Trainee: 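Can you keep this structure in mind? I'll have questions shortly.
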2 protein chains.
Amino acid sequence: MDKRRFNANKEEAEQKVERVTDKTPAPARRPLTLRDVSEASGVSEMTVSRVLRNRGDVSEATREKVLEAAKRLGYVPNKIAGALASQRVNLVAVIIPSLSNMVFPEVMTGISEVLDETPLQPVVGVTNYKPGREEKVLYEMLSWRPSGVIIAGLEHSDASKAMLKAAGIPVVEIMDTDGEAIDAVVGISHRRAGRKMAKAILKAGYRRIGFLGTKMPLDHRARKRFEGFTEALAKEGVEIADQEFYEGGSALAKGREMTETMLTRTPDIDFLYYSNDMIGAGGLLYCLDKGIDVPNQVGLAGFNGVELLDGLPRQLATMDACRSEIGRAAAQIIATRAEAPEGEGGKERIELTPKIETGDTLKRR
Amino acid sequence: MDKRRFNANKEEAEQKVERVTDKTPAPARRPLTLRDVSEASGVSEMTVSRVLRNRGDVSEATREKVLEAAKRLGYVPNKIAGALASQRVNLVAVIIPSLSNMVFPEVMTGISEVLDETPLQPVVGVTNYKPGREEKVLYEMLSWRPSGVIIAGLEHSDASKAMLKAAGIPVVEIMDTDGEAIDAVVGISHRRAGRKMAKAILKAGYRRIGFLGTKMPLDHRARKRFEGFTEALAKEGVEIADQEFYEGGSALAKGREMTETMLTRTPDIDFLYYSNDMIGAGGLLYCLDKGIDVPNQVGLAGFNGVELLDGLPRQLATMDACRSEIGRAAAQIIATRAEAPEGEGGKERIELTPKIETGDTLKRR
DNA sequence: TCGGTGTCTGTTAGCGCAAACATACAGAAA
DNA sequence: TTTCTGTATGTTTGCGCTAACAGACACCGA
């Protein structure tokens, strides 16, 4: 009333009336609670709760009465209250760096496949490869008291690690196994993957090898692949002949550009190793455009094994990162531990082995 | 004591001792609560709560004491309890059909950009284009009592619509404006987009036009584009010369296959309209492989304007679907209404206008 | 001196639900 | 008959937090 009067001092008295009548028809309904359903069906709240959760014995007659009332009212249980009362929150926090590069959506698919069979539900948080954001996202997630955390990578800020340890819930670090885990790990060794590819390239007879990738201060997995790669080359007395890094933009286009740059700058290059398939595909398209003989004049390889590659004019050599398997295995660990008697199991470590797919861009011998 | 005694009657007395000592070293810590912080800092729970939420007046000295204690203990507030007590849940449910096709991640980016400036947080649910799953995901989401819902498309089951209406929270349907909205809408008219492309193609002089797309009983937006497309052609007395649909698999590869199929079956085709850029790109690669003169012998066009296209040998003609703008606008509506005095605003309707990007695969005149 | 006016801190109650513990009652067993 | 089952329902309590209100205290001017 008081506020209204205030406004009325101005010029819009009539208009206001309009607006008010305009609002009145709105339902303005207080959100439904168990009590509403209980009253509508003539049983206690507890019985309604039992029916809706399918727990405990309830006679068929009551069950039907309750379900009918719930449906008629359009009641949706309040999980906030339920979770607080039962001390169980069936959420799994999934923290990943990005959704836009094809790899994490596939991990998510694997996770969902497994969790769909359980009462657990994934909730995604995206960090954009920034440790600061990771910390914030993690904090937000943990404040919902999830049943478990699946988080990409082994590198986290001290604060993040502390939170994960203190949370007292299963934590699965995924994608990477090169490093020390907080709890469980599922992934591949990127260092080993880099080495493996290096060996395959050398074995195929290439010697003037260029590397093209992301600027990777924060992409630890790409860095580890690079390290493993150069290390294995060094063991055979080979050094990277040239390298080129990019940031942002369309990966396919960047792959093209970088390839052009490198082949111009170092014309005797005979192999291009790309840190992901997208830029690899760009490079491949560039080479084909220019009439470069792939794989004889120049060989190419990428990383990830993304589905996209199937549609390219040639099959790019790559290495499957086992994305959906990783998702499935991680989800499985969380699901198992969530059911376990408490403090059960622990520190699982699953290292998957990526396989080279030779495709058409790596000479066979 | 009593229970112990019970078990002791059996044979495992000594083992039990072992097990107990085995468990004892485990932290077995009860999750931290406000009370723990309150005791550690010597103030009331309420004061701790005020400090952690930056609300109300607290002296600098107490504030520091509390923050120190909270950090030292590693306390993370329990949002479940907070939300229940305050009746405010700063979550926005975002319900989309898929994450793996480049379009929704970009919408998500737009949403996040806007929500990052607010206390709101997006939570994603994926339906895989299945109405049944949409219903389930929606129910799950609503049971967390979010502050708003952003949901793709205008077609929902009756149950879903009922839930959305009954929820009493802002609902923004995104991507599509061809149909009746529950509350607010942000999107483009796909029917109009189809018509626009048809007109452009006809104007460029093409007449034997093929359509390639997804099997679309459930992809309503693709269907609407198709309808608009054929309708505009019909107006000029042109009929679709051939059509081909796919399901699943690598879109790029499918684009290739379908293009081959169609050009073989109907060799006099002079234009291929693809329902998305990915299959369009596959078609383009196929044509270039076969030495087909693009755009003179055959013209091509896709839909979406995905970044990927930048790296192709030719620029595929396409139409930008305004994905991140849609995300931003939708999030803005939710954010504004979440702050509004209640029942404020409503039924916003934002129709964006996609622009044709002619690229290199549509003759210019 | 007395309130008055802030500033800071504490107390009480309850959000909506589920765990744990009653209670009621029918039928079976003794 | 009584007692013992078990099934079906209800009651009480509290999850961890915040809104709303209620002190306590210092400081000001009259």
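Computed from a predicted structure; not experimentally measured.
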Trainee: What is the distance from CH2 of B:W144 to P of C:dG16, rounded to the nearest Å?
Mentor: 16 Å

Trainee: Does D:dG14 have its OP1 or OP2 closer than 4.0 Å to a side-chain nitrogen or oxygen of A:Q87?
Mentor: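 Indeed not, no polar side-chain atom of A:Q87 lies that close.
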
Trainee: Between P on C:dC21 and CZ on A:R50, what's the gap in Å once rounded to a whole number?
Mentor: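 So the CZ-P distance, A:R50 to C:dC21, works out to 14 Å.
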
Trainee: Rounded to whole angstrom units, what separation is found between the CG atom of A:D36 and the P atom of C:dG16?
Mentor: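 After rounding, the reported distance stands at 9 Å.
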
Trainee: Among the candidates C:dC17, D:dT9, D:dG16, find the nucleotide nearest to the side-chain atoms of B:N78.
Mentor: D:dG16

Trainee: Between B:L84 and B:V43, which has a closest nucleotide on DNA chain C that is more 5'?
Mentor: B:V43

Trainee: Can you tell me if B:S49 touches the phosphate of D:dT18, counting only side-chain N or O atoms and a distance under 4.0 Å to OP1 or OP2?
Mentor: yes

Trainee: Need one value for B:R88: base, sugar-phosphate or nothing, where a base atom within 4.0 Å counts as base even if backbone is also close, heavy atoms only.
Mentor: sugar-phosphate

Trainee: Output the rounded distance in Å from CE (B:M46) to C1' (C:dG10).
Mentor: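 Going from B:M46 (CE) to C:dG10 (C1'), I get 10 Å.
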
Trainee: Which nucleotide wins on minimum distance to the side chain of A:Y75, given the candidates C:dA19, C:dC17, D:dC17?
Mentor: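 Selected nucleotide (nearest to the side chain): C:dC17.
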
Trainee: In a check of side chain to side chain donor-acceptor pair (under 3.5 Å) between B:D183 and each of B:K347, B:K165, B:R337, which one passes?
Mentor: B:R337

Trainee: Name the residue closer to the 5' end of DNA chain C, choosing between B:E60 and B:A81 according to the nucleotide with the nearest heavy atom.
Mentor: B:E60

Trainee: For B:S59 and C:dT9, is the shortest distance between a side-chain N/O and OP1 or OP2 below 4.0 Å?
Mentor: yes

Trainee: The side chain of A:T33 lies closest to which of these nucleotides: C:dG16, C:dT9, C:dA18?
Mentor: C:dG16

Trainee: Reckon A:T62 has a side-chain N or O less than 4.0 Å from the OP1 or OP2 of D:dA8?
Mentor: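 Negative; the distance criterion is not met.
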
Trainee: Take the protein atom CD of A:E45 and the nucleotide atom P of D:dG10, then report the distance between them rounded to whole Å.
Mentor: 11 Å

Trainee: Quick one about B:R53 and B:S49 (side-chain donor to acceptor, distance below 3.5 Å, no hydrogens or angles considered), yes or no?
Mentor: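 Yes, side-chain donor-acceptor contact under 3.5 Å.
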
Trainee: Quick check for you: to the nearest 0.5 Å, what is the distance between B:I334 atom CD1 and B:S147 atom OG?
Mentor: 8.5 Å

Trainee: Around A:E180, counting heavy atoms of other residues, nucleotides and ligands shown, do more than 12 lie under 6.0 Å from its CD?
Mentor: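 Not more than 12 within 6.0 Å, no.
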
Trainee: Considering only C:dC15, C:dA19, D:dA19, which nucleotide approaches the side chain of A:S86 most closely?
Mentor: C:dA19

Trainee: Hey, does the side chain of A:T47 come within less than 4.0 Å of D:dG10's phosphate (OP1/OP2), counting only N and O?
Mentor: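 It does, given that an N or O in the side chain of A:T47 lies less than 4.0 Å from OP1 or OP2 of D:dG10.
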
Trainee: Under 4.0 Å, counting only non-hydrogen atoms across every strand here, what does B:R63 touch: a base, just sugar-phosphate, or nothing?
Mentor: nothing

Trainee: So, is B:R53 close to the D:dT18 phosphate, meaning a side-chain N or O under 4.0 Å from OP1 or OP2?
Mentor: yes

Trainee: Indicate yes or no for a side-chain donor-acceptor contact from B:S160 to the backbone of B:H156 under 3.5 Å, with no hydrogens or angles considered.
Mentor: no

Trainee: Rounding to a whole Å, what distance do you find between B:R55:CZ and C:dT7:C1'?
Mentor: 19 Å

Trainee: For B:L34 and C:dG10, give me the distance from atom CG to atom C1', rounded to whole Å.
Mentor: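 From B:L34 CG to C:dG10 C1': 14 Å.
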
Trainee: For A:I80 and C:dG14, give me the distance from atom CD1 to atom C1', rounded to whole Å.
Mentor: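 Spelled out: CD1 on A:I80 to C1' on C:dG14 is 16 Å.
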
Trainee: Any donor-acceptor pair under 3.5 Å linking the side chain of A:S143 with the backbone of B:N78?
Mentor: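 The answer is no, because no donor-acceptor pair under 3.5 Å joins these two groups.
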
Trainee: Just to be sure I understand the rule, does A:D57 reach a base, reach only the sugar-phosphate, or reach nothing, if contact means heavy atoms closer than 4.0 Å?
Mentor: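 Base, at least one base heavy atom under 4.0 Å.
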
